[in-house]
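Down below is the structure, laid out as structure tokens.
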Amino acid sequence: MSDTHSQTVSYVRETMLPQAEPPVSNRGAILWLRENLFSGWFNIVLTLVSLYVIYWALAHTLPWVVSGIWNAGSLSECREIRDATLGEGASAACWAVLVDRWQQLMFGFYPSELYWRPVLALVIFLAAIAPVLFAQVPRGALWFTAVSPFVMFWLLWGGSAWFPVAVALGFVLGWAAWRALAPMAGTLVAAIVSAALPIVYWFYTAGPLARELEQVVGIGIEYVPSQDFGGFMLSFIIGIAAIILSLPLGILLALGRQSDLFIINKVSVGFIEIIRGVPLIVWLFTASLLLNYFLPPGTNFDLMLRVIIMVTLFAAAYIAEVVRGGLAALPKGQYEGADSLGLSYWQSMRLIILPQALKISIPGIVNTFIGLFKDTTLVVFIGLFDPIGLSNAIRATTEWNGIYWELFVFIGLLFFICCFSMSRYSLYLEKKLQRGHK
């Protein structure tokens, strides 16, 4: 039987063939092109039309960008250089306006000899936010994160160093009130007192205390009024402050809206619905014109501080609804499991409920933050010189009257970099927190 088989089979392989690469048409860029751009007749048509549109846009845009003029003192001089080098009426951007006015676009009317202060404040902010954004940074650095807002405030505005210290003392009073009252009076009374006590202290005591300490030991740097703030520095300050403050406030409002306590529930619902029902520009006008009427007599809040407060409240209302959606998405068994472990309300929220709800809410929260940062340009309507307001001021000068696209392209590019960075971090965080991630 074996002899017959050996006579009919001419060759028998005794070793495995080495692994071979797939055909060229089934791997690499060619496979990607076949599957994504040329998978069918309709997709082929769309690809060709899209390529033509891209070619047309680049053909009309790239010469204008690449042939741009960087060294000129005015728009008329820029046009003279263009006509002499490229021909009359040639397409060329006048980037010289950015070279001439970039400091104003970035810092507004902040004193040029003090630019090191906002730059240092930005470096401190990036270092302080690192422990919050990245788990690889040691947790001990969170102390620096807690102190950094007061240091940045002092660097930006200057004046007495005792004022941010007095403001920080209000948070210490709130924390002490919580620790003292929570075991005796319950969490509700402790929460109300720990929130009201710092507000009363800031209104009536923080200012006089800072002045008394300054008279005893004078520590300070040159004061810069808020009227000198402008450009992207103004947008960064308003946007970053509102983002940092609105997230915890929005979480508390979301929890308040789901609370079984009648007063807390109705106050939270009323606040969220009233704030969300009115456009942000109306609240900015309210901050500009009406907010002082609701403050104690003699209190004069800086306009920029009023804007930060109003933008924070506006963003908090939207974040509250995003977080409430995350809370509603959790199965009821998560709440019951927390109760079965004997955890208190705040323990269950901190350890079980909120971590899962916030993970679900990450896209909505970041989307709110991106919209908030872009909406900082609305402060131009109440007299603050954000990048758009400064571009209008630059275009009103005799040197640069008539220039448009160059300023708006630069402003749009910087906003895109900031918003795109936030969206990429959101994707990074979502992938990191995926179930089963190691």
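Any value given below was found using the heavy atoms of this structure, including those in side chains, with hydrogens, waters and symmetry copies removed. This structure is a prediction, so every number in the text was calculated from the model and none was measured.
A heavy-atom distance below 4.5 Å is found between the side chains of Trp64 and Glu406. Side-chain contact between Phe369 and Tyr318 is absent, with no heavy atoms from C-beta onward closer than 4.5 Å. The closest side-chain heavy-atom distance from Pro118 to Leu156 is below 4.5 Å.
Counting only N and O atoms by type, the side chains of Glu80 and Ser76 include no donor and acceptor under 3.5 Å apart.
In this structure, His60 has its ring center closer than 6.0 angstrom to the ring center of Trp56. Aromatic ring centres of Tyr428 and Tyr425 lie closer together than 6.0 Å. Taking the six-membered ring where the residue is Trp, the centroids of Phe415 and Phe373 are separated by under 6.0 Å. Aromatic pair Phe229/Trp157: ring centres closer than 6.0 Å. A distance of 6.0 Å or more separates the ring centres of Trp102 and Trp95. Residues Phe410 and Trp405 keep their aromatic ring centres 6.0 Å or farther apart. Checked against the 6.0 Å centroid criterion, the rings of Tyr404 and Phe408 do not qualify as a close aromatic pair.
The aromatic rings of Phe416 and Phe420 sit parallel to each other, their planes meeting at less than 30°, with 60° as the upper class boundary.
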